[in-house]
Amino acid sequence: MKKASISALLLLLVLAAFLSGCSGKTETTSSTKDGVTELSIFAPQGVGNTNLSTNFFTKEIEKKFNVSIKWQTTTYDATSASQKRQISLASGDYPDAYLLVPWVDHFSTNDLIKYGKQGVLLPLNDLIKEHAPNIQKVLDTNEQFKAMTVSPDGNIYGISHLNECYHCTWPFKMWINNDWLKKLNLSMSKTTEDFRSVLEAFKNQDPNGNGKKDEVPLSGAISIPDTNVIPFLMNGFIYDDGKKRLLLNNGKVEFAADKPEWKQGLEYIHSLYKEGLLDPGAFTQNNDAYQNLGDNAEAQILGAATATHPGEFVSDQKRLYSDNYVAVPPLQGPNAAYATYNYPVTPGADFVLTNKASKEDQIAAIKIIDYLFTPDGNIRGQFGKENVDWRKPKDGDVAIEKSAEPLFASIPLKDGEKTRNNGWGPIAEFGSSSSFRNGQVQSTEVYTAEGFERRLQDATHLYEGKQPEEVFPAWSVWMDPSDADEVAMLETNIQNYVNQSVLKFATGEMSLEKDWETYIKGFEQLNLKRYLTLMQQAYDKSAK
């Protein structure tokens with residue numbers, strides 16, 4: 001079916017839903033049978049042995065909260081999951097609640113405001129105050145989560161996973177081949193020029209020992225943001241958030257990619273490229289090609305690579321080269337030594353209640369989510385059965401953050417063992433706060449699969465706190481619905497222009513000496529000034 005046909009169908013379904021919503025109905029009649037609340041939930045379901053209807057944790061939840069859950073399932077494929085959710089909403093045939101996964105598909109902040117104003121999504125404020133003490137406690141104590149959760153009109157239309165992944169908080173890391181450093185008697189780089197010298201040695205001194213000049217000193221990829229090589233390198237010159245390229249200066253929203261310091265950073269990056277130290281593939285390759293480079297079977301050829309974790313450029317399953325890489329601290333450049341910060345909770349919502357839910361449905365659903373905000377609910381929800389999928393700490397166990405009290409240890413599948421149908425997995429990650437995640441037991445052998453998370457935890461300590469004092473909080477800024485489409489168009493055009501120009505300046509297709517002023521003037525046509533005005537307005541409102 002052509003895109004135009006799909007769009008027309010969705011438009012008709014939206015109109016039908018709008019008309020049906022005009023009846024003024026905000027909640028259905030009581031949905032109970034024999035005293036058991038019947039609750040319909042839309043959620044992604046994994047492949048293989050996973051079945052939410054027969055799932056062990058589902059049965060535990062149904063018993064604990066006296067509910068019977070009727071599942072409407074989709075897949076973990078982002079495209080099809082998003083389409084199915086949108087069609088369900090547009091048709092009016094939607095469930096009592098949605099229970100989603102942020103990296104698959106979920107409700108954006110614009111979705112929340114739109115469907116909230118239409119009355120399709122119910123405000124949760126009173127339900128939380130009356131029936132969800134654990135959620136309320138997080139809202140009272142976590143300012144960033146509260147800012148993300150409470151919409152500009154004061155309503156809470158949905159709840160996000162509180163998944164405070166520590167190693168995701170500073171995502172743009174640089175990993176370097178420690179074996180090569182040792183072999184060539186090189187120290188860990190501290191400055192951008194130290195790093196250049198190390199890359200020159202990787203290129204010219206045959207660290208893999210095969211007698212060939214086949215080493216790739218530095219590479220990256222473009223298919224996911226955190227493998228982009230630019231932010232880590234640029235942070236020695238000017239702060240690069242890796243997404244919007246926005247800065248905060250005493251509360252004023254500014255743009256990074258038109259500053260003289262940005263030009264300095266591009267000069268440095270171009271010099272690495274010109275000297276053969278930066279792989280041209282870093283600007284074009286997807287992650288499959290990136291892993292093929294890292295996994296090169298004939299000899300290890302990759303010297304340094306950008307990623308949140310080594311598994312993005314080396315296959316951990318093969319363990320040929322993964323253990324060789326260690327994190328490079330933020331490099332001191334002429335102006336800075338920043339690390340890109342990102343609050344790891346995804347803006348929007350993974351749990352919402354619709355106007356199909358009766359009062360009994362609403363109370364039951366919010367109590368279930370509140371339970372997932374407790375350590376007990378989170379552990380059982382994610383992993384399943386005690387002593388089968390997870391266990392309590394024992395003597396000698398060490399938490400992933402060594403100063404934290406151990407909370408639990410997951411029990412991995414044995415070789416050849418099928419996925420157990422005991423937990424909800426990612427859809428239950430509502431209570432994964434930093435304190436919860438820090439309490440997970442991990443092996444102290446960091447170069448094993450069982451100690452991999454500890455390895456990332458330790459590496460991230462090198463980046464913690466290295467962001468500027470003021471960072472534009474993109475995760476908690478709510479756009480006015482009347483501005484959302486305009487901002488989206490402006491932002492797409494501006495970011496595409498910056499990304500294309502970075503590539504051309506880095507590779508020498510455009511000259512920083514001759515073409516910089518033309519590049520700067522291009523922002524006038526893209527209406528950068530208007531974009532910054534709208535972002536300032538959104539920031540000021542959200543900051544209040």
Side-chain angles (χ1 to χ4, degrees), residues 2-15 18 78-79 81-83 85-87 89-90 102-103 105-118 148 151-153 157-158 222-225 228 230-231 240-248 252-259 262 283 342 346-349 471-505 510 518-543:
K2 294 182 179 179
K3 288 184 178 179
S5 300
I6 295 174
S7 298
L9 174 61
L10 284 172
L11 179 59
L12 289 172
L13 292 172
V14 168
L15 287 171
F18 177 77
T79 301
S82 176
Q83 288 176 348
R85 175 177 64 88
Q86 291 176 36
I87 289 172
L89 285 162
W103 45 267
D105 169 57
H106 82 162
F107 286 83
S108 69
T109 52
N110 290 337
D111 287 338
L112 295 177
I113 293 174
K114 178 178 73 173
Y115 291 117
K117 288 185 178 298
Q118 289 176 4
M148 297 175 68
S151 70
D153 66 7
Y157 293 112
I222 60 168
S223 54
I224 56 176
N228 188 337
I230 300 299
D240 184 2
D241 66 11
K243 294 180 180 179
K244 297 180 184 294
R245 274 62 184 243
L246 293 177
L247 307 171
L248 271 185
K252 182 183 178 182
V253 179
E254 297 182 351
F255 194 56
D258 64 350
K259 299 285 188 293
W262 187 270
F283 302 107
N342 173 60
T346 306
V471 173
F472 183 80
W475 50 88
S476 61
V477 170
W478 292 73
M479 296 305 306
D480 189 305
S482 62
D483 297 329
D485 289 342
E486 182 183 3
V487 168
M489 180 187 68
L490 290 171
E491 188 168 284
T492 297
N493 292 338
I494 290 167
Q495 293 307 321
N496 286 342
Y497 180 66
V498 171
N499 292 333
Q500 292 166 10
S501 300
V502 164
L503 171 60
K504 292 177 180 179
F505 282 130
M510 287 171 59
T518 302
Y519 162 73
I520 294 298
K521 289 180 181 178
F523 287 116
E524 295 178 10
Q525 295 179 329
L526 295 170
N527 217 346
L528 174 63
K529 187 176 180 180
R530 170 66 175 167
Y531 172 69
L532 292 177
T533 297
L534 293 173
M535 296 308 290
Q536 183 75 58
Q537 291 173 357
Y539 170 73
D540 290 342
K541 289 180 181 178
S542 297

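Everything numeric in this text was worked out from a predicted model, so none of it was measured.
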Does the pair [X]/[Y] count as a salt bridge with the N-to-O cut at 4.0 Å?
{"X": "K521", "Y": "D258", "answer": "no"}
{"X": "E486", "Y": "R530", "answer": "yes"}
{"X": "K541", "Y": "D480", "answer": "yes"}

How close do [X] and [Y] get, heavy atom to heavy atom, and via which atoms?
{"X": "V477", "Y": "A538", "answer": "CG1-CB, 3.5 Å"}
{"X": "F523", "Y": "A257", "answer": "CE1-O, 4.0 Å"}
{"X": "W478", "Y": "M148", "answer": "CZ2-O, 2.9 Å"}
{"X": "G522", "Y": "Y497", "answer": "CA-OH, 3.5 Å"}
{"X": "A78", "Y": "D105", "answer": "O-CB, 4.5 Å"}
{"X": "T346", "Y": "P102", "answer": "OG1-CB, 3.6 Å"}

Can you tell me if D485 has over 12 outside heavy atoms packed within less than 6.0 Å of its CG?
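Result for CG/D485: open.
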
When you look at NZ of K243, are more than 12 heavy atoms from neighbouring residues, nucleotides or ligands closer to it than 6.0 Å?
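12 or below, so no.
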
Are any non-hydrogen side-chain atoms of T109 and M479 less than 4.5 angstrom apart?
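When only atoms from C-beta onward are counted, M479 and T109 do not touch, as no gap falls below 4.5 Å.
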
Nearest 0.5 Å, what's the CZ-CG distance between R85 and D111?
5.0 Å

To the closest 0.5 Å, what do you measure between CE (M535) and CG (L490)?
10.5 Å

What about F255 and Y531, are their ring centers closer than 6.0 Å?
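No, too far apart.
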
Tell me yes or no: between the side chains of [X] and [Y], is some donor less than 3.5 Å from an acceptor?
{"X": "D540", "Y": "Q536", "result": "yes"}
{"X": "S82", "Y": "Q86", "result": "yes"}
{"X": "S108", "Y": "N110", "result": "no"}

Sequence-distant partners of Q537, side chain to side chain donor-acceptor pair (under 3.5 Å), two or more places apart:
none

Intermediate values then yes/no, side chain to side chain contact (heavy atoms under 4.5 Å, CB included), F107 and L89:
CA-CA 11 Å; F107 286 83; L89 285 162; 3.7 Å; yes

